[in-house]
Amino acid sequence: MAPKLLTLLAVLSFSALSLLTPSLAEEGQDNGLVMNFYKETCPQAEDIIKEQVKLLYKRHKNTAFSWLRNIFHDCAVQSCDASLLLDSTRRSLSEKETDRSFGLRNFRYIETIKEAVERECPGVVSCADILVLSARDGIVSLGGPHIPLKTGRRDGRRSRADVVEEFLPDHNESISSVLDKFGAMGIDTPGVVALLGAHSVGRTHCVKLVHRLYPEIDSALNPDHVPHMLKKCPDAIPDPKAVQYVRNDRGTPMILDNNYYRNILDNKGLLIVDHQLANDKRTKPYVKKMAKSQDYFFKEFSRAIALLSENNPLTGTKGEIRKQCNVANKHHEEP
């Protein structure tokens, strides 16, 4: 009996250990991302991306804004899988062509970065990682912090245009809805407040804000700021193809800084969500804290960007490594 009992105890002990210890697959790349994923397969990848971002920024300053918007528009919609970059096909609409992607641009320069990486390491580095790393390096170009981000994402094969509205927070939604949508990605309230600090740079098209000016001026707007907004947006129904916009931050429009928080506390936020952020009891304390401390803003911003970049990625054998970022491989290979 003793040998059988010992055998039974050994089996039970192994079973208990199996329940407590994750499998190698669970610990490895199939379930997550790692720092410097390409150190063996393409050691120059991150340096190439960084150099390309710098070169493009010198020629086209607005590329840095685009990289920052890309990570939000891609990673917030179910997965950080570069589905945003896919062109429309006969069967599916591109996320780029949805109303929520209005104003997104410079996608051709993502292809420029991809081509540079492909010359060094063909078929190794995903468009999803290029999208995330270009955002990281774009943030630095705008005077923001360097954020260590993991890599190892693979590319999705389909557009997620049909669920963009469901997952992507909107500037006209209630602050509760915005907090809930980011919360589903694991981003807490200070993280949401910090992410919206991206409104410190770039511009807002008049299409997105005229409802605060016409037919009546929103009483929540700082009256000293209204004449500038009216000058920039003189039409109640602006032409979406016209270049009519207001800089998000007139003081430091090209610098990612905490000036945004001082502006919205002074009722100079352009969007409804900016106004809500500064006035809702759940978010206002963090707005005040970030208005006082750029270090605190950068700390929370870095943490939130890292969480956003790790939202449900495809890793291991899931997805693919696209040959071109705007076309899934199966379409790319069609004659």
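Keep in mind the model is a prediction, meaning the values are calculated, not measured.
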Q. Can you check side chain to side chain contact (heavy atoms under 4.5 Å, CB included) on Leu86 and Val327, steps first, answer last?
A. CA-CA 5 Å; Leu86 290 171; Val327 188; 5.6 Å; no
Q | Worked check of side chain to side chain donor-acceptor pair (under 3.5 Å) between His211 and Asn172 | A | CA-CA 10 Å; His211 62 286; Asn172 280 324; 3.2 Å; yes
(Q) Please evaluate residues Tyr214 and Ile237 with respect to the criterion side chain to side chain contact (heavy atoms under 4.5 Å, CB included), reporting the C-alpha separation (whole Å), side-chain torsions for both, the decisive distance (0.1 Å), and the verdict. (A) CA-CA 9 Å; Tyr214 305 97; Ile237 306 176; over 6 Å; no
Q | Intermediate values then yes/no, side chain to side chain contact (heavy atoms under 4.5 Å, CB included), Phe301 and Leu256 | A | CA-CA 11 Å; Phe301 183 77; Leu256 182 69; 3.7 Å; yes
Q. Between Ser66 and Thr63, does a side chain to side chain donor-acceptor pair (under 3.5 Å) hold up when you go through it step by step?
A. CA-CA 5 Å; Ser66 297; Thr63 53; over 6 Å; no
(Q) Run Phe182 and Leu195 through side chain to side chain contact (heavy atoms under 4.5 Å, CB included) and show every step you take. (A) CA-CA 10 Å; Phe182 278 117; Leu195 278 182; 3.6 Å; yes
Q. Does the side chain to side chain donor-acceptor pair (under 3.5 Å) test come out yes or no for Tyr57 and Asp137, once each step is laid out?
A. CA-CA 10 Å; Tyr57 183 70; Asp137 298 331; over 6 Å; no
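Taking hydrophobic clusters as Ile, Leu, Val, Met, Phe, Trp and Tyr residues chained together by side-chain heavy-atom distances below 4.5 Å, Ile272 does not share a cluster with Tyr245. Two different hydrophobic clusters hold Val77 and Leu314 under the rule that ILVMFWY side chains link at heavy-atom gaps under 4.5 Å. Taking hydrophobic clusters as Ile, Leu, Val, Met, Phe, Trp and Tyr residues chained together by side-chain heavy-atom distances below 4.5 Å, Leu104 does not share a cluster with Phe102. Cluster membership for Val193 and Phe72, using ILVMFWY side-chain heavy atoms within less than 4.5 angstrom, is shared. No single ILVMFWY cluster, assembled from side-chain heavy atoms under 4.5 Å apart, contains both Val140 and Ile305.
In this structure, CG in Leu270 is found 12.0 Å from NZ in Lys232, a value given to the nearest 0.5 Å. Note that CH2 of Trp67 is 13.0 Å distant from CD1 of Ile139, once rounded to the nearest 0.5 Å. Atoms CD and CD, from Glu120 and Glu118 in turn, are 11.0 Å apart once rounded to the nearest 0.5 Å. Atoms OH and CG, from Tyr261 and Leu277 in turn, are 7.0 Å apart once rounded to the nearest 0.5 Å. We find the SG-NZ distance between Cys127 and Lys323 to be 12.5 Å, quoted to the nearest 0.5 Å. Residue His73 holds its NE2 atom at 10.0 Å from CG of Leu68, rounded to the nearest 0.5 Å.
The closest side-chain heavy-atom distance from Met185 to Leu307 is not below 4.5 Å. In this structure, the side chains of Pro148 and Met35 come closer than 4.5 Å at one or more pairs of heavy atoms. With a 4.5 Å cut-off on side-chain heavy atoms, Ile49 and Glu46 do not count as touching. With contacts defined as side-chain heavy-atom distances shorter than 4.5 Å, the pair Pro253/Val201 does not qualify. Between Val273 and His199, some side-chain heavy-atom pair lies under the 4.5 Å cut-off. The closest side-chain heavy-atom distance from Thr151 to Arg153 is below 4.5 Å. Between Ile113 and Tyr109 the shortest side-chain heavy-atom distance does not fall below 4.5 Å. Side chains of Arg212 and His275 form a contact here, defined as non-hydrogen atoms less than 4.5 Å apart.
Of all non-hydrogen atoms in Val132 and Ser309, the two that sit nearest each other are CG1-CB, 3.9 Å. Looking at every heavy atom in both residues, Arg154 comes nearest to Ser126 through CA-CB, 4.1 Å. Looking at every heavy atom in both residues, Asn222 comes nearest to Asp224 through OD1-N, 2.8 Å. Listed here is the closest heavy atom pair of Pro238 and Asp235: CD-O, 3.6 Å. For the pair Ala128 and Asp155, the tightest heavy-atom approach, listed with the atom from each and the gap, is N-OD1, 2.7 Å. Closest non-hydrogen pair, Asp218 versus Ala220, comes out as OD1-N, 2.9 Å.
At least one donor-acceptor pair under 3.5 Å links the side chain of Ser159 to the backbone N or O of Leu93. The backbone N or O of Asn258 lies less than 3.5 Å from a partner atom in the side chain of Gln294, making a donor-acceptor pair. Under the 3.5 Å distance criterion, the side-chain polar atoms of Asp170 are left unmatched by any main-chain donor or acceptor of Glu165. No donor-acceptor pair under 3.5 Å is formed between the side chain of Asp266 and the backbone N or O of Lys268. Using modelled atom types, no side-chain atom of Arg203 and backbone atom of Asn248 make a donor-acceptor pair closer than 3.5 Å. Panel note: side chain Thr98, backbone Val164; no donor-acceptor pair is recorded below 3.5 Å. Not a single donor-acceptor pair under 3.5 Å links the side chain of Asn267 to the backbone N or O of Leu221. Checked by atom type and distance alone, the side chain of Gln244 never pairs as donor or acceptor with a backbone atom of His205 at under 3.5 Å. Under a 3.5 Å cut-off, the side chain of Asn311 and the backbone N or O of Cys75 do form a donor-acceptor pair. Counting only distance, with no hydrogens or angles, the side chain of Ser302 and the backbone of Phe298 share a donor-acceptor pair below 3.5 Å.
Atom NZ of Lys96 has more than 12 neighbouring heavy atoms from other residues, nucleotides or ligands inside a 6.0 Å radius. Applying the 6.0 Å contact sphere to NZ of Lys54 captures no more than 12 heavy atoms from other residues, nucleotides or ligands. More than 12 heavy atoms of other shown residues, nucleotides or ligands fall within 6.0 angstrom of atom CG in Asp239.
Counting only N and O atoms by type, the side chains of Asp295 and Ser293 include no donor and acceptor under 3.5 Å apart. For the residue pair Asp129 / Tyr38, a side-chain donor-acceptor distance below 3.5 Å is found, with atom types taken as modelled. Using modelled atom types and a 3.5 Å distance limit, the side chains of Ser177 and Ser174 yield no donor-acceptor pair. With no hydrogens or angles considered, no side-chain donor-acceptor pair links Thr204 and Arg247 at under 3.5 Å. Between the side chains of Ser94 and Asp87, no donor-acceptor pair of N or O atoms lies under 3.5 Å. No side-chain donor-acceptor contact under 3.5 Å links His60 and Asn106.
Ion pairing between Glu95 and Arg160 fails under the 4.0 Å rule for side-chain N and carboxylate O. The pair Lys181-Glu166 fails the salt-bridge criterion, with no side-chain N (NZ, NE, NH1 or NH2) lying under 4.0 Å from an Asp/Glu carboxylate O. The residues Arg303 and Glu300 are annotated as salt-bridged, a charged nitrogen and a carboxylate oxygen being separated by less than 4.0 angstrom. A salt bridge links Arg157 to Glu320: at least one charged side-chain nitrogen sits closer than 4.0 Å to a carboxylate oxygen.
Both tests do not hold together for Lys292 against Tyr296: distance to the six-membered ring centre under 6.0 Å, angle to the ring axis within 45°.
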